[in-house]
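Just below is one structure, and these are the notes that go with it.
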Amino acid sequence: MTEMIQEVRVRFAPSPTGNLHIGGARTAIYNWAFARRNGGKFILRIEDTDPERSTSENTAQIIRSLKWLGLDWDEGPEVGGEYGPYLQTERFATYGAALEDLKAKDAVYPCFCTPEELAERREAAMEAKTYSGYDRRCRDISFEEAAARIKAGEPHTWRLKIPLDRGDVTFNDLVFGATSFPITQLDDFILVRSDGSPTYNYVVCLDDALMKISHVIRGDDHLSNTPKQILVYEALGMPTPRFAHLSMILGPDGKRLSKRHGATSVEAYKDEGYFADALLNYLALLGWSLDGSTTLFDAQVLTDNFSLDRVSKNPAVFDEKKLEWINASRIKEMGAPAFVDALVPHLCDYGLIRGGSTVYDNELGLVDGKLADTASIKADVEANRAWYEAIYPLVAERARTIAEAIPMTSYLFSGDTVFYDETSVSKCLKAEGAAVILKNAEEALSGLQQSWSTSSIEEELRKLPEQLGVKPKVIFQAVRVALCGNVVSPPLFESIELLGWENTEARLKKAIEIAN
RNA sequence: GUCCCCAUAGUCUAGCGGUUAGGACGCCACCCUUUCAAGGUGGAGGUCACGGGUUCGAAUCCCGUUGGGGAUGCCA
C-alpha cells in the first residue's frame, strides 16, 4: 500500500458545553504542536450541535483560553479558511447532501423504532446480559414500505447499514499501535436523528473528511468510536484519516479528572495566578516527554520536538504540586517588569494600592476601609513603577503563583496599620523586653530619614543586638511582627524600605503600645 | 454482559533483549539563615501488577490472571 504524501492538517474540535478544561487544553496543545512540528495546519472547529448545552459564551471562553495558552490556529472561528464554516451548526447543508448520497448507495436505512421502544429493549437485553447494540429490526423493512411510512410522516432516524460481510475493523493508532474491533460488535448506529439533525459519529467524519483532516488526535474516550467512524468514511467513500488517541487525565484518586477534583478549567488556573507557558509546559509533559530528563522548556522547544511516538499510553494523574513547581520556576526567571504586569490585575481584584489604609485579615477578606478603584491602582503603578517592581525580589523565591504573592505582601499595602496574627503578637510583642527593643529600633531608624535604603536600614538595625545584649533573632522577629504582623514574612530590611519611614514609625509606635 | 485499551517508587516519566533500572515533582536530613522560602549537599522510596513461557540472558517478546480506564445514547 502506498502512502500518499499528504499535507498535515489537524484539528481541535471542542463542544462548547462548558469551559476549556485541562484535558481539552492538552489535546489542543498536542494537535497544535504536531501541526507546527510538521509544517501543517492547525484548525479549530466548534462542535456546537447539541443545542441544549452549547452556548456562544462557552465558545468565546474556549477561544479566549486557547489564545491565552499561546495557541494560534490557521483556520477556524475568527480567522476563517477555505474549508469553513467552522461552526458545526453552520454546516448543516453538507450533512443533508451526504445523507442523500448514502441513501443512493444503500448504505443507510430508516428506523422507525421510538426512543422508548429502544430503551425498553436495551434494558431487557442488559438484564439478560445479552445486549450488543440495536437489534436491526428495521433493517429488513422493504423499500416500498419504508417509503410509504416516511411519506405518511412517521418519525424515523437513519441508521448506518453495517456491511456484515466486512472483516474486523483494524487500524494503526499512532499512539496505541495496532487496534482491532470485531465487526460483530458494531451495531447499526444512528447517523441522523428523527428531527433531521446529524449525530456526532456522523458529523465528525463528514467534517474531518471535508476539511481534509489528515490526523485525528483526540481523547482516549474516542478509541471505541473509531471503528464506527471508519465505517462511516467507507460508506461515504472518503479517505480515512490517521488516528492518534491520548490517554485520559486522572484526578488524585485515579478517577477521570472532573469538577469534583477542584479547579479543572484553564481559566481557573489563569485566575489563580498560573502563567500560560507554565501550564503549557506542564500539560505538554503530562503524557509526552522530550527525552526523559528535560522538564522545563518553552513552546518553541515543544513545537520543534513534538512527536506522537513519544506520547505515553498510560493515563496520567494530574499533579498540581509539579505544576506549582514549574510555575514557581517561571516566576523566578521572569524578572520584575513582567511580574508587576501580572500582579496588577490581582492587586486590582483586592483593591490593594501602595500606601493604602485598607486592612485585611489573613484570608484577605476586607476588614476595614474601602477598596481602591482599579483606575487609581493602575495609575499608581504607572507613577511608581520602581516601588512595585521592588516587590518582585521579596516574593520571587517564595510565591509559586501570583495569587500566593498577594497575601504574602498585603502588609505593604495597609499604610500605617497592620493586621496582627495573634500568636505572633503574644510570642514576640508581648514578650519580655519587646517594648525596649522596638523603642530602640524606632530611634535607630529615625535618624535615617534622609538616607532611607535597605542597606542603611540593615546597617543600623544590625547594631542593635550588641547594643541591647539581645539575640539577633529576638530583635528581628519583634520588629518583623511589629511591621508585618506575623513571624513569617518576606525579608525585613527590604520591607522596611518599601514601607517608608512614616508607616514604619506609625507601626512601631502602635506595637510599642501593645508591648507595654 | 460484550468489546477495546492500559500497567516502571506517592505522582509524571526514561527504557524498545545484556543498565548498580536513569531523570523530575513530592518527601526526609544537614548546610546557609532574623522568619518563611530559595539555593547547596546527602538520603529514603521500585520483588518494573501477578503467574507462566520464549531466550545463554526479559522491565523490554508471547500467553494467561488480576487491577484500572473507556465504549456499548435520537451526548459530544
Side-chain angles (χ1 to χ4, degrees), chain A residues 13-15 17 47-50 52-54 88 111 113-115 118-119 122 125-134 155-159 173 176-177 179-182 184-187 189-195 197-201 203-204 219-228 245 247-248 250 252 254-256 282 285-296 310 312-326 328 332 395-400 408 424 428 461-462 465 471-481 484 486-493:
Chain A
S15 72
T17 53
E47 307 209 325
D48 57 348
T49 48
D50 181 355
E52 301 283 300
R53 301 188 296 150
S54 300
Q88 274 186 337
C111 171
C113 300
T114 67
L118 256 18
R122 178 167 47 237
M126 282 288 204
E127 193 78 14
K129 299 187 189 299
T130 57
Y131 186 70
S132 61
Y134 176 59
H156 60 283
T157 60
W158 288 92
R159 287 181 183 272
D173 190 278
F176 286 99
T179 310
S180 179
F181 290 81
T184 52
Q185 199 57 217
L186 299 164
D187 73 348
F189 58 96
I190 293 171
L191 261 31
V192 178
R193 302 185 186 98
S194 52
D195 67 358
S197 65
T199 61
Y200 169 73
N201 279 314
V203 262
V204 76
D220 197 358
D221 46 339
H222 289 296
L223 193 60
S224 309
N225 283 326
T226 306
K228 293 181 178 183
H245 288 91
S247 60
M248 307 267 84
L250 277 23
K255 302 279 184 223
R256 190 174 169 159
Y282 177 68
L285 234 28
L286 207 56
W288 174 81
S289 61
L290 178 55
D291 54 18
S293 62
T294 306
T295 60
L296 261 19
R310 290 199 67 86
S312 167
K313 291 188 271 201
N314 332 2
V317 174
F318 188 80
D319 180 12
E320 192 154 353
K321 281 272 194 290
K322 188 153 183 176
L323 206 211
E324 280 179 352
W325 177 81
I326 290 176
K332 285 186 191 76
V395 297
E397 289 169 354
R398 275 161 263 269
R400 289 168 300 188
M408 219 170 257
S424 297
C428 298
L461 293 183
R462 287 244 184 244
K471 281 186 182 157
K473 181 171 178 172
V474 174
I475 291 175
F476 294 127
Q477 284 300 80
V479 175
R480 183 188 305 283
V481 174
C484 308
N486 201 297
V487 284
V488 176
S489 87
L492 189 55
F493 309 126

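Every chain is numbered from 1 and lettered A, B, ... according to where its sequence line falls, protein lines coming before strand lines. Note that this is a predicted model, so its numbers are computed, not measured. Both backbone and side-chain heavy atoms feed into the values below; hydrogens, waters and symmetry mates do not.
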Has [X] got a side-chain N or O lying under 4.0 Å from the OP1 or OP2 atom of [N]?
{"X": "A/N314", "N": "B/A7", "answer": "yes"}
{"X": "A/T179", "N": "B/C4", "answer": "no"}
{"X": "A/T130", "N": "B/G1", "answer": "no"}

Suppose we define a pair by two distances each less than 3.5 Å, Watson-Crick or G-U wobble; what does [N] pair with here?
{"N": "B/U72", "answer": "B/G1"}
{"N": "B/C61", "answer": "B/G53"}
{"N": "B/C48", "answer": "none"}
{"N": "B/G10", "answer": "B/C25"}
{"N": "B/G39", "answer": "B/C31"}

Mind checking the [atom1] distance from [N] to [M]? Whole angstroms is fine.
{"N": "B/G15", "M": "B/A58", "atom1": "C1'", "value": "13 Å"}
{"N": "B/U47", "M": "B/A9", "atom1": "C1'", "value": "13 Å"}
{"N": "B/U65", "M": "B/U11", "atom1": "P", "value": "26 Å"}
{"N": "B/G46", "M": "B/G10", "atom1": "P", "value": "8 Å"}
{"N": "B/A21", "M": "B/A38", "atom1": "P", "value": "32 Å"}
{"N": "B/G52", "M": "B/A44", "atom1": "P", "value": "31 Å"}
{"N": "B/G26", "M": "B/C12", "atom1": "P", "value": "15 Å"}
{"N": "B/U33", "M": "B/G39", "atom1": "C1'", "value": "11 Å"}

Looking at residues at least two apart in the chain, or sitting in another chain, which of them share a side chain to side chain donor-acceptor pair (under 3.5 Å) with [X]?
{"X": "A/E397", "value": "none"}
{"X": "A/R122", "value": "none"}
{"X": "A/S132", "value": "none"}
{"X": "A/S424", "value": "A/D421"}

What residues, two or more places apart in sequence or in another chain, satisfy salt bridge (Lys or Arg N to Asp or Glu O under 4.0 Å) together with A/D221?
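So A/D221 forms a salt bridge (Lys or Arg N to Asp or Glu O under 4.0 Å) with A/R256.
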A/F476: what forms a ring-ring contact (aromatic ring centres under 6.0 Å, His included) with it, not counting sequence neighbours?
A/F493
Please enumerate all residues that pass ring-ring contact (aromatic ring centres under 6.0 Å, His included) together with A/H222, with sequence neighbours excluded.
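Per chain and number, A/H222 pairs via ring-ring contact (aromatic ring centres under 6.0 Å, His included) with A/Y200.
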Which atoms form the tightest heavy-atom contact between A/N201 and A/K228, and what is the distance?
ND2-CD, 3.9 Å
Does a side-chain heavy-atom distance below 4.5 Å link A/R193 with A/P115?
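SC-SC contact between A/R193 and A/P115 ruled out.
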Are A/I190 and A/Y134 side-chain neighbours, meaning at least one heavy-atom pair lies under 4.5 Å?
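Side chain of A/I190 against side chain of A/Y134, heavy atoms only: no contact under 4.5 Å found.
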Rounded to whole Å, how long is the line connecting atom CH2 of A/W288 with atom C1' of B/A14?
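Roughly 13 Å, once rounded to whole Å.
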Can you check the A/K313 NZ to B/C12 P distance for me, whole Å?
16 Å
Which is true for A/G219 with a 4.0 Å heavy-atom rule: it touches a base, it touches only sugar-phosphate, or it touches nothing?
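No contact.
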When you check every protein heavy atom under 4.0 Å of nucleotides 65-76 of chain B, what one-letter string (B, S, -) results, 5' to 3'?
----SBSSSBBB
How would you summarise protein contacts on nucleotides 22-38 of chain B per nucleotide, using B for base, S for sugar-phosphate only and - for none, with heavy-atom distances below 4.0 Å?
BBBBS-------BBBBS
